[in-house]
Amino acid sequence: MLWFFPTIVFITFLVYIALRFGFSPENAYRRVNPHATKAKVQQFLDVNGLYPGFWGFIRGYFHWLWQFVQGPSNWPRSIKGRAEVWTPLRYSIFNTLRLAGIAAVLGIVIGLSLGIQAARKPGAAFDTMVNSGAFFLGAVPPFVSGVALQLVFAVQLGWLPVGGVYPPGHEGFNLVLMIKYLILPVAVVAIQTISGYSRYMRASLLDVSSSDYLRTARAKGLSESAVLMRHGVRNALIPVVTLIAIDIGSLLGGLIITENIFKYPGMGVFFLNAVNDGDFPKLLPYMVIVVASVLIFNLIADLLYAYLDPRIRLD
Amino acid sequence: MTSTIDPPTPKSAETLLASVDAQEGLDVKTLSPSQMAWRRYWHHKGAAVSTVIMAFLLAFVLLARWTARYDINAQVLSIEQGRNQFLSPRPIAWFGTDDIGRDMYSRLIYGIRTSLFIGVASAILSVVIGTAAGALAGLRGGKFDDIMMRVTDVFLAFPFLVAVIIIREFLGGLKFLTPIVGDKSSVRFIIVLFAIFGWMGVARLVRGQVLSLKEREFIEAARAVGASNTRIVIQHLLPNSIGPILVSLTISVIGAIIGESTLSFFGFGPQPGHGTSLGLLIEGSGQAALQGNWWLVVFPCGALVLLAICISFIGDGLRDALDPKLDTGK
């Protein structure tokens with residue numbers, strides 16, 4: 001727990017250095033605003049704390065950190081269009097949470113139940129089907145399945161919209177429309193999740209199936225389903241749950257590929273746009289959110305592991 | 001295998017078994033471990049089929065000069081002979097043509113060649129670096145091990161694309177590295193980039209192997225006769241971890257090929273001077289899908305998926321072949 005804040009400061013510092021070298025904010029500013037006067041450029045450098053030299057990096061980082069912790073109204077504005085950063089960022093977070101949340105819940109529930117069912121009778125027809133299905137679908141990269149689904153269901157058949165959140169010009173909230181626009185992207189993400197977790201759950205359950213405590217449970221005369229659910233699955237879930245926690249941590253970074261194909265304005269698209277503009281003031285808050293989410297969920301995974309499996313002790 | 005013969009002289013296990021078999025009137029051919037591994041590999045149906053497919057594909061790709069019907073940037077028809085853009089598959093262009101009238105079939109061959117090169121080169125680099133780092137961490141332990149595991153933990157938990165794109169810009173921004181790693185859009189740069197990400201998974205795996213092996217008796221025996229650490233690693237630890245290392249090599253190959261395609265999909269991929277890559281061919285597919293030019297989507301994406309499945313199967317087969325514990329006796 002204690003190391004959490006130093007770690008996040010350290011990692012964001014590394015990210016800060018990488019971004020300053022990689023995107024050279026001053027050049028990006030000149031490229032995006034070719035008519036900017038010298039004074040304007042200088043103002044941009046001052047506001048963002050882009051001091052030159054080795055010590056400039058350290059000073060600049062703390063300059064930025066101080067602004068950052070003071071809240072979104074103090075964050076420097078974006079390079080492109082001098083827009084506020086927080087408003088579009090918040091919008092992207094909610095969009096990504098909606099897409100990723102639905103896909104993750106669907107994918108995890110379906111994937112885990114398929115894996116459990118498959119592991120009940122290893123080698124049976126159902127097991128072979130799930131296992132090979134997951135193998136083949138898992139080998140298909142998301143941009144291939146995304147483009148394929150788009151080609152079939154949106155372009156050729158015309159059943160579903162090609163992309164976006166709402167039709168152009170739509171205002172307000174409409175659940176039916178929103179679901180219609182979410183089906184394809186959710187399907188792409190869910191396919192990946194299902195194929196991963198069904199294989200993982202199956203392997204984990206098969207792993208515990210030869211353990212002594214399952215034999216004891218059977219010897220006690222428990223029914224097969226009680227043995228499986230109460231003793232087998234509960235133990236097999238321990239590594240799976242921690243994996244889920246780690247995976248969720250990286251979700252907030254955005255489902256870059258899926259969002260990009262379906263023009264879904266989430267964190268991934270936010271990131272790609274910022275990268276393409278070299279938009280330093282937009283990239284840093286994004287990276288802080290990603291780093292924090294990864295670290296928090298890693299911590300949660302550690303704690304969960306220790307909580308679920310009392311044999312493991314945290315120091 | 002209890003035998004009733006009293007062993008006057010120590011015999012090797014094989015001759016002992018053979019003599020037992022001979023006594024019992026059995027004619028059993030014994031197989032060496034490598035022969036057994038070979039047999040297990042070919043009994044894995046997926047791996048066997050994939051190996052054949054990959055062999056064909058490799059031959060096709062290596063002999064591109066003869067197998068490709070057109071030159072890499074040649075148009076199937078000159079503009080005076082009629083429209084050459086976006087032709088659907090037909091005798092003059094088996095897989096159709098792209099936006100400037102180039103033959104998809106020939107470009108696919110050249111593209112797969114570049115992608116396979118990227119995959120294999122970065123996988124070998126990752127495995128070499130990862131094996132060295134993992135063996136060192138596992139054997140040494142202590143601070144070095146702690147720090148390396150922490151760093152790889154955080155890296156592997158990070159969203160892959162975000163990390164790759166940031167590191168790509170960072171490496172590209174360090175001007176003094178350009179002579180070594182090449183320009184941001186060169187094939188060499190991509191190979192280095194994927195090696196930077198690829199070694200960590202391999203290192204964790206090798207470290208785990210080393211940790212579990214180094215307490216075993218045969219390592220202790222080697223240490224007792226005075227073998228140095230280097231000798232133990234090279235003579236004992238690595239040969240005993242060859243299975244997982246080879247499997248991770250196949251995983252790295254496919255990871256790099258898909259990674260290259262993903263980066264290209266977003267326009268961050270390599271731009272080989274006159275060439276093309278699977279990723280570059282796929283890059284256009286998003287747009288092509290919307291316009292209904294299905295052949296520009298189906299063929300490159302199909303090739304990528306075929307490669308991914310074949311290489312995964314080969315990895316699966318290798319895992320089964322090199323781990324005698326998984327021998328099902330078939």
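Naming convention: chains lettered A, B, ... in sequence-line order (proteins, then strands); numbering from 1 in each chain. The figures that follow rest on heavy atoms only: side chains count, while hydrogens, waters and symmetry mates do not.
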Novice: Looking at chain A, which one of B:F266, B:F158, B:W294 has the largest number of heavy-atom pairs inside 4.5 Å, strictly under?
Specialist: B:F266
Novice: Could you pull out the closest heavy-atom pair between B:A308 and A:A139, with the gap in Å?
Specialist: CB-O, 3.5 Å
Novice: Can you tell me which of A:V275, A:N260, A:N298, A:I246 forms the most heavy-atom pairs within a distance under 4.5 Å of chain B?
Specialist: A:N260
Novice: Work out which heavy atom in A:S250 is nearest to a heavy atom in B:P159; give both atom names and the distance.
Specialist: O-CG, 3.7 Å
Novice: Given a strict heavy-atom distance threshold of 4.5 Å, which part of A:L272 is in contact with chain B: side chain, backbone, both, or neither?
Specialist: side chain
Novice: Can you tell me if CZ on B:F117 sees more than 12 non-hydrogen neighbours from other groups inside 6.0 Å?
Specialist: no
Novice: Identify which part of B:I309 has an atom lying under 4.5 Å from any heavy atom of chain A, answering side chain, backbone, both or neither.
Specialist: both
Novice: Looking at B:F160, B:F268, B:F313, which one has more heavy-atom pairs under 4.5 Å with chain A than the rest?
Specialist: B:F313
Novice: Picking from B:V305, B:L307, B:T262, B:L171, which has the most non-hydrogen pairs under 4.5 angstrom with chain A?
Specialist: B:T262
Novice: Passes side chain to side chain contact (heavy atoms under 4.5 Å, CB included), B:F265 versus A:V147? Steps please.
Specialist: CA-CA 11 Å; B:F265 193 79; A:V147 170; 4.2 Å; yes
Novice: Quick one: closest heavy-atom pair of A:F135 and B:S312, and the distance?
Specialist: CZ-CB, 3.5 Å
Novice: Check whether A:F21 gets within reach of chain B through its side chain, its backbone, both or neither, counting any heavy atom under 4.5 Å.
Specialist: both
Novice: Quick check on A:L251 against chain B: is it the side chain, the backbone, both or neither that has a heavy atom closer than 4.5 Å?
Specialist: neither
Novice: What's the spacing between B:L161 CG and A:I257 CD1 if we round to 0.5 Å?
Specialist: 5.0 Å
Novice: Under 6.0 Å from the CZ atom of B:F144, do we count more than 12 heavy atoms belonging to anything else shown?
Specialist: yes
Novice: Report, by ascending residue number, the residues of residues 251-261 of chain B in heavy-atom contact with chain A at a distance under 4.5 Å; give 'none' if the set is empty.
Specialist: B:I258, B:S261
Novice: What part of A:I256 lies closer than 4.5 angstrom to a heavy atom of chain B: side chain, backbone, both or neither?
Specialist: both
Novice: Can you find a pair of side-chain heavy atoms, one from A:F271 and one from B:I165, that are under 4.5 Å apart?
Specialist: yes
Novice: Applying a heavy-atom distance below 4.5 Å, give me the residues of residues 278-290 of chain A that approach chain B, sorted by number.
Specialist: A:Y286, A:M287, A:V290
Novice: Is it the case that over 12 heavy atoms from other parts of the model lie below 6.0 angstrom from the CH2 atom of B:W42?
Specialist: yes
Novice: What part of A:D247 gets within 4.5 angstrom of chain B, counting heavy atoms only: side chain, backbone, both, or neither?
Specialist: neither
